[in-house]
Amino acid sequence: MAVRLCDVASLLRSGSWAPEPWTGQVIAAMETQLSNGPTCNNTSNGPSTISNNCSSPVESGSIEDSKTNLIVNYLPQNMTQEELKSLFGSIGEIESCKLVRDKITGQSLGYGFVNYVDPKDAEKAINTLNGLRLQTKTIKVSYARPSSASIRDANLYVSGLPKTMTQKELEQLFSQYGRIITSRILVDQVTGVSRGVGFIRFDRRVEAEEAIKGLNCQKPPGATEPITVKFANNPSQKTSQALLSQLYQSPNRRYPGPLAQQAQRFRLDNLLNMAYGVKSRFSPMAIEGVTSLAGINIPGHAGTGWCIFVYNLAPDADESILWQMFGPFGAVTNVKVIRDFNTNKCKGFGFVTMTNYDEAAVAIASLNGYRLGDRVLQVSFKTNKTHKA
DNA sequence: TTATATT
C-alpha cells in the first residue's frame, strides 16, 4: 500500500501548507457543477505559517526528533478517530492514532496525532495529505514536536493592527522574538477586510512572553496606533456556561452553511423525498426519517453508512484520490480501491462510505460523470447486482 | 478573541 501511493504522492506533492493546485482544480470543478456546493466559502480556515512549515526538526535542544509522529490540525469537527485512522492508514501502517478531545464534553478539539511505524510513511503522509480538503476544512499535516510544557500556551492574541497589515508583515514583526508556528489575521467574512485582529503561535511560551514584552503597546513601523499583544484565551479554559451550551448543541447541527447551500439542500430534500420518501437530517423529520430506514433495503445503505460505488478509476488510482474527491462533500468513514491480487493495480472501481445520506447524495450527484484525467467516472450508491438468488 | 497546535 505504501508503494502504490508513490505515484500519486508526486502528483499531489505540495511540500507546503497550501493546498496543492491539483486539489484546487477538483474543487473548482465541483463548485462549478454545484454552484453552491458543500465546499463552503468561509475563509476562516486559513491559518498558516509563511516563514516555515515546521516540518524540520527543532534546531537545538531537541533530543527525540520523532520522524514517525505527526500532528494533524484543522480537522473537521465531526471527524472521528476511526476516520482519522482510516485516512492516514491509507498511506501505511499506523503504530498509533489519537484524536484529541475535550476532557469534559468529549468533543473533538480539531486536531490529532498519527504515529507511523515507518518514518517514510510519515513523510509520505505530509506530502500527500497536507492541504487535503475535508468538508469546510483544509487539514494541516506536520511533524509533531516533542511534547513539552515549554511549547504549551504559546498562542498570542494581537489587536489594534493596522488594517493594511498583511499576514507576512505580521510575521515579520513577531519573528524577531522566536519561531512562529502559525499566524492568522481575522478578516470580515463579507468584505474580506482585516479586522485588525490576529493570532501568533510561537514555538515556545518564553518566546511569546518576550513578544508581549517587546510589542504590547508599541506602534508597528508606520502605524499610528499601538497594538495590544497578550496571551490568547485558552480554549480548554471555558466557562461552565460555555461548556453547558456546547453540551446542549445538537450533534446534527453541523456547518449550517450559507443560504445558497441551504437552498441546495432544500432542493435535494425534495428530490430525496420523491425518490425514497426520506427527509435529510436538515429537515425536522431528519432523525425519525433516517431511523425509520433501518432494516429497509435502500441502495448503498450498510448500517454503518452509505456505500458508494465508484467506477472507471484508472489502474494507478489509490485511496488518496477517493479521499480527495469525496472528502469535501462531508463525513467519509472509509474508502477502498479494489485491486488485482497479483498486479496490485486498481481493477477500475472502488467504494466510498459516507455517514450522511444527503452528503452522499450530493457527492454522487456532483461526481457522477465527473472527468478524472481521461476517464469519466460513474458514481452511484452501491447496489447488490451481483447477488445470486 | 478564531474553532480548537502537544497526546
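Bear in mind that the values here come from a model prediction, so they are computed numbers and not experimental data. Within every chain, numbering begins at 1; the chains are lettered A, B, ... in the order of the sequence lines, protein sequences first and strands thereafter.
- B/dT2 has A/Phe199 stacked on its base ring, the centres lying under 5.5 angstrom apart and the planes within 30 degrees of parallel.
- Atom CD1 of A/Ile227 is separated from atom P of B/dT1 by 16 Å (rounded to the nearest Å).
- Between the CG atom of A/Asn115 and the P atom of B/dT7 there is a distance of 15 Å, given to the nearest Å.
- A donor-acceptor contact under 3.5 Å links the side chain of A/Arg145 to the base of B/dT6.
- Sequence order on DNA chain B of the closest nucleotides to A/Leu70 and A/Gly110 puts A/Gly110 first from the 5' end.
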#### Entry: Audit row: A/Asn312, A/Arg375, side chain to side chain donor-acceptor pair (under 3.5 Å) steps and yes/no
CA-CA 7 Å; A/Asn312 210 17; A/Arg375 292 160 174 271; 3.0 Å; yes
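- Residue A/Ser96 is classed as having no contact, given no heavy-atom separation below 4.0 Å to the nucleic acid.
- Looking only at side-chain heavy atoms (C-beta outward), A/Ile308 and A/Thr353 stay at 4.5 Å or farther from each other.
- Rounded to whole Å, atom C1' of B/dA3 lies 16 Å from atom CE of A/Met79.
- Checking B/dT7, B/dT4, B/dA5 against every side-chain atom of A/Ser147, the shortest atom distance belongs to B/dT7.
- Regarding contacts with the backbone of B/dA5, every side-chain N or O of A/Thr182 stays at 4.0 angstrom or more from both OP1 and OP2.
- Relative to the side chain of A/Asn69, the nucleotides B/dT1, B/dT6, B/dT7 differ in distance, and B/dT7 lies closest.
- Under 4.0 angstrom from either OP1 or OP2 of B/dT6 there lies no side-chain N or O belonging to A/Lys98.
- Within the hydrophobic cluster formed by Ile, Leu, Val, Met, Phe, Trp and Tyr side chains joined at under 4.5 Å, directly or through other members, A/Phe351 is accompanied by A/Phe309, A/Tyr311, A/Ile338, A/Phe349.
- The distance from atom CG of A/Asn73 to atom P of B/dT2 is 18 Å, rounded to the nearest whole Å.
- You'll find that the side chain of A/Tyr74 is closest to B/dA5, out of B/dT6, B/dA5, B/dT1.
- A/Ile104 has its CD1 atom 15 Å from the C1' atom of B/dT4, to the nearest Å.
- We find that NZ of A/Lys103 is positioned 18 Å from P of B/dT4, with the value rounded to whole Å.
- For A/Leu186, the side-chain atoms get nearest to B/dT2 when compared with the rest of B/dT2, B/dA5, B/dT4.
- When the P atom of B/dT2 is taken as reference, atom OH of A/Tyr157 falls 8 Å away, rounded to whole Å.
- Looking at the side chain of A/Ala232, the nearest of the listed nucleotides B/dA5, B/dT7, B/dT2 is B/dT2.
- Distances shown here put a side-chain N or O of A/Arg201 below 4.0 Å from the OP1 or OP2 atom of B/dT6.
- Under a 4.5 Å side-chain heavy-atom criterion applied to ILVMFWY residues, the cluster that includes A/Leu186 comprises A/Tyr157, A/Val197, A/Phe199 as well.
- Because its NZ or CZ atom is both nearer than 6.0 Å to the ring centre of A/Phe231 and within 45° of the ring axis, A/Arg205 counts as a cation-pi partner of that residue.
- Across the protein-nucleic acid pair, A/Asn155 atom CG and B/dA5 atom P stand 7 Å apart, rounded to whole Å.
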